[in-house]
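Just so we're clear, the structure is a prediction, and the values are computed from it rather than from any experiment. Residue numbers run from 1 in the order of the sequence given.
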Amino acid sequence: MTGAPVRTLLLWCPDWPVLAAEIVDGVPATGPVAVLHANRVVACSAPARAAGVRRGLRRREAQGRCPTLTVVDHDPGRDARAFEPVLAAVEEVAAGVEVVRPGVCALAARGPARYLGGEEAAAERIIEQVAESCAVESQVGIADGVFAAGLAARTGQVVPPGGTPGFLAGLPVEAIGRPALADLLRRLGVRTLGEFAALPAGDVLARFGFDGALAHRLAAGHDHRPLAVRQPPVDLTVTAHHDEPLDRVDAAAFAARMLAERLHDRLAGHGLACTRLGIEAVTAHGQELHRVWRHDGLLTAAAIADRVRWQLDGWLSGSTGRAGARPARPTAGIVRLRLVPDGLLARGGLQPGLWGEAGEERDRAHRALSRVQGILGPEAVVTAVLGGGRSPADQTRLVPWGDERLPARPGPPPLPDVVEASPDAAGRAVTQLGGAGRSGVRRGSPVPPWPGRLPPPAPAVVLPVPLTATVHDVTGEPVLVSARLAVSAAPARLAVGGATPTEIVGWTGPWPVDERWWAPAEARRRARFQVCLADGVALLLAVEAGRWLVEAIYD
């Protein structure tokens with residue numbers, strides 16, 4: 001923490017989370033846009049600020065100030081991915097770039113200033129390079145140290161060498177970036193960074209602790225660390241060009257296998273493996289096709305080849321493998337195929353156990369299921385992912401084997417993987433795999449309470465399509481449930497479809513649910529009952545729009 005601070009050039013892209021949402025998700029940044037995290041605004045566009053939206057506002061207040069506000073969830077991964085081309089553009093002009101955060105990068109100003117004709121010329125050249133390469137507006141500040149250069153970038157200033165303490169002295173204490181400390185300093189009568197820097201360092205340390213002492217050094221124009229130079233990422237993308245367009249699935253499958261092995265070898269050479277795979281194809285007529293496959297684990301060479309083959313099969317045959325509309329087939333064969341790895345992880349081996357190989361049974365099961373999936377397609381083997389919700393049907397989501405195990409709704413951590421082979425594949429075989437620890441919800445993360453959720457135990461069988469039923473009282477009159485959840489009479493007999501009525505020997509309820517009333521297309525209002533029949537069967541019933549439905553069966 002000693003020595004003069006390094007002359008630093010810092011590039012700042014204003015409202016970067018908003019721009020990243022436009023670059024990745026296509027949200028137009030020219031309109032009122034706000035990026036929210038934990039229900040508070042963390043970034044907003046210029047039109048949103050003109051309407052009164054500010055950082056720190058709650059969602060409801062922001063939308064009250066700007067009714068046409070477009071709300072986007074905060075995604076640090078999206079911000080980092082979108083910032084990568086900007087970093088590459090800066091590195092074409094100058095080396096030794098440090099990523100301060102997505103949207104902000106810094107580098108030593110001495111080198112670019114020497115070979116570009118001065119600091120101002122270097123700043124202008126970098127701004128032009130980013131604008132031409134990425135179509136992104138940016139501002140550059142130059143000062144002694146990263147902290148001062150960041151504040152100078154807000155106004156596009158070049159602070160003369162040695163003038164950083166004077167530049168910082170007139171700024172308010174809020175510029176230190178510590179709201180709690182700034183509020184305390186204000187109440188103590190310290191309003192500018194210059195007044196804060198004039199305090200004795202020992203007294204600041206004793207009163208405000210280490211973080212306050214660090215802020216005191218920054219206010220005085222001293223840097224607390226040197227620049228951490230970024231190492232440009234290695235280009236791991238593999239590309240194959242084909243003189244003869246690929247218009248047959250078998251030829252495309254052979255090309256996929258060769259390209260997948262090249263990608264796997266390149267990743268292995270760097271000790272890496274990927275969890276996401278981007279597949280890009282260009283046809284002879286210039287059509288560009290793109291899709292990203294996600295995987296809950298490390299993609300092996302065979303897994304990469306299977307996913308490329310499935311995707312090429314879907315493009316060339318015009319099918320998705322799922323029921324529904326068939327996409328349009330390309331008008332020409334594929335002449336260029338490109339694989340882009342993402343979600344890179346260090347690839348480490350498993351430590352053998354004292355009494356056998358660790359995870360040996362799971363590996364065998366994984367290979368067998370992947371083999372079935374490779375023959376019959378990605379939908380042939382699916383896994384159940386448990387999540388949140390108020391009804392059993394909402395709490396389970398089936399995802400293809402190998403895909404990311406993310407629940408449809410946040411909920412408690414799921415149980416070990418339950419793997420289900422489709423009826424076409426293996427006669428509906430169900431396998432329980434233990435000791436996986438793979439889940440779509442982080443353990444220890446906050447779980448929504450889901451008020452109105454059914455009490456345990458959970459039903460053993462959840463019907464994919466609820467069965468219609470009729471419920472009568474002892475006099476033979478239909479049992480009705482009013483809008484105030486008043487039951488007209490005690491349920492006595494139940495008939496499912498056209499079957500013979502069965503006597504109800506016990507029942508409890510109703511448990512009301514009124515979900516998503518603010519979205520008419522998704523709103524649901526129903527009441528649920530648990531009933532026990534004379535033949536020993538226990539059912540979960542629901543009343544919705546005056547109709548009785550059988551949703552699940554208890555064991």
Candidate pair Gln63 and Leu57, rule side-chain contact (heavy atoms from CB on, under 4.5 Å), full reasoning: CA-CA 10 Å; Gln63 290 177 327; Leu57 289 181; over 6 Å; no
Ignoring hydrogens and angles, tell me if any N or O in the side chain of Arg55 forms a donor-acceptor pair with the backbone of Ala43 under 3.5 Å. no
Inspect the surroundings of CG in Asp555 and state if more than 12 heavy atoms from other residues, nucleotides or ligands are less than 6.0 Å away. no
One should read off an interatomic distance between Leu36 CG and Cys44 SG, to the nearest 0.5 angstrom, of 10.0 Å
Rounded at 0.5 Å granularity, tell me how far CD in Glu544 sits from CG in Leu549. 6.5 Å
Using 0.5 Å steps for rounding, measure from the CD atom of Glu551 to the CG atom of Leu463. 8.5 Å
Euclidean distance, Cys66 SG relative to Glu61 CD, rounded to 0.5 Å: 13.0 Å
Pairs where residues 534-555 contributes a residue and the test ring-ring contact (aromatic ring centres under 6.0 Å, His included) is met, not counting sequence neighbours: Phe529-Trp548
Please tell me if the side chains of Val41 and Val35 come closer than 4.5 Å, counting only heavy atoms from C-beta onward. no
Identify the two heavy atoms, one from Leu151 and one from Ala175, that lie closest to each other, and give their separation to 0.1 Å. CD2-O, 4.0 Å
How would you list, by chain and number, every residue that makes a side chain to side chain donor-acceptor pair (under 3.5 Å) with Arg187, sequence neighbours excluded? Asp183
Other residues, nucleotides, ligands: >12 heavy atoms within 6.0 Å of Asp73 CG: no
Which donor-acceptor pairs under 3.5 Å do the side chains of residues 491-511 make with protein atoms, sequence neighbours left out?
unit_1 : atom_1 : unit_2 : atom_2 : d
Arg493 : NH2    : Asp473 : O      : 3.4

Are Thr470 and His472 close enough, and set up right, to give a side-chain contact (heavy atoms from CB on, under 4.5 Å), and what steps lead you there? CA-CA 7 Å; Thr470 56; His472 297 87; 3.7 Å; yes
For Trp16, give me all partners under ring pair (Phe, Tyr, Trp, His ring centres under 6.0 Å), at least two apart in sequence or on another chain. Phe83
Arg526/Glu515 ion pair, N-O < 4.0 Å: yes
For Ala82 and Ala20, work out which heavy atoms get closest and say how close. CB-CB, 3.9 Å
Chi angles and distances behind the side-chain contact (heavy atoms from CB on, under 4.5 Å) call for Val537, Ile553: CA-CA 8 Å; Val537 177; Ile553 304 172; 4.2 Å; yes
Asp514 backbone acceptor or donor facing Arg525 side chain under 3.5 Å: no
Please find the pair of heavy atoms, one from Ala527 and one from Leu485, that lie closest to each other, and give the distance. CB-CD2, 4.0 Å
Taking atom CH2 of Trp517 as the centre, report whether more than 12 heavy atoms of other residues, nucleotides or ligands fall under 6.0 Å from it. no
With a 4.5 Å limit on heavy-atom distance, are the side chains of Val33 and Leu69 in contact? no
Partners meeting side-chain contact (heavy atoms from CB on, under 4.5 Å) with Ala153 (sequence neighbours left out): Leu10, Trp12
Any pair with a residue in residues 172-182 that passes side-chain hydrogen bond (donor to acceptor under 3.5 Å, both in side chains), sequence neighbours left out, goes on the list, sorted by first then second residue, please. Glu174-Arg186, Arg178-Asp211
Val27 and side-chain contact (heavy atoms from CB on, under 4.5 Å): which single residue from Asp25, Ile23, Val24 fits? Asp25
For the pair Glu288 (side chain) and Val282 (backbone), establish whether a donor and an acceptor sit closer than 3.5 Å, ignoring hydrogens and angles. no
Heavy-atom distance under 4.5 Å between the side chains of Val550 and Pro466, does that happen here? no
Given side chains that start at C-beta, do those of Val71 and Arg59 come closer than 4.5 Å, heavy atoms only? yes
What's the spacing between Ser138 OG and Leu19 CG if we round to 0.5 Å? 10.5 Å
By ring pair (Phe, Tyr, Trp, His ring centres under 6.0 Å), Phe147 pairs with (sequence neighbours left out) none
Applying side-chain contact (heavy atoms from CB on, under 4.5 Å), run through Glu280 and Val340 and close with a yes or a no. CA-CA 8 Å; Glu280 301 176 0; Val340 183; 3.9 Å; yes
With sequence neighbours left out, which residue pairs that include part of residues 32-58 fulfil the ring-ring contact (aromatic ring centres under 6.0 Å, His included) condition? His37-His74
In chain order, what residues pass the side chain to side chain donor-acceptor pair (under 3.5 Å) check against Arg528, with sequence neighbours excluded? none
The reported gap from OG1 in Thr155 to CD in Gln139 (rounded to nearest 0.5 angstrom) is 8.0 Å
Is atom CD of Gln287 surrounded by more than 12 heavy atoms (other residues, nucleotides or ligands) closer than 6.0 Å? yes
Counterpart residues, side-chain contact (heavy atoms from CB on, under 4.5 Å), relative to Ser482 (two or more places apart): Arg484, Ala486
Set of residues satisfying side chain to side chain donor-acceptor pair (under 3.5 Å) with respect to Arg54, sequence neighbours excluded: none
Sub-3.5 Å donor-acceptor pair from the side chain of Ser45 to the main-chain atoms of Gly31, do we have one? yes
For Asp79, which residues count as a side chain to side chain donor-acceptor pair (under 3.5 Å) partner, sequence neighbours excluded? none
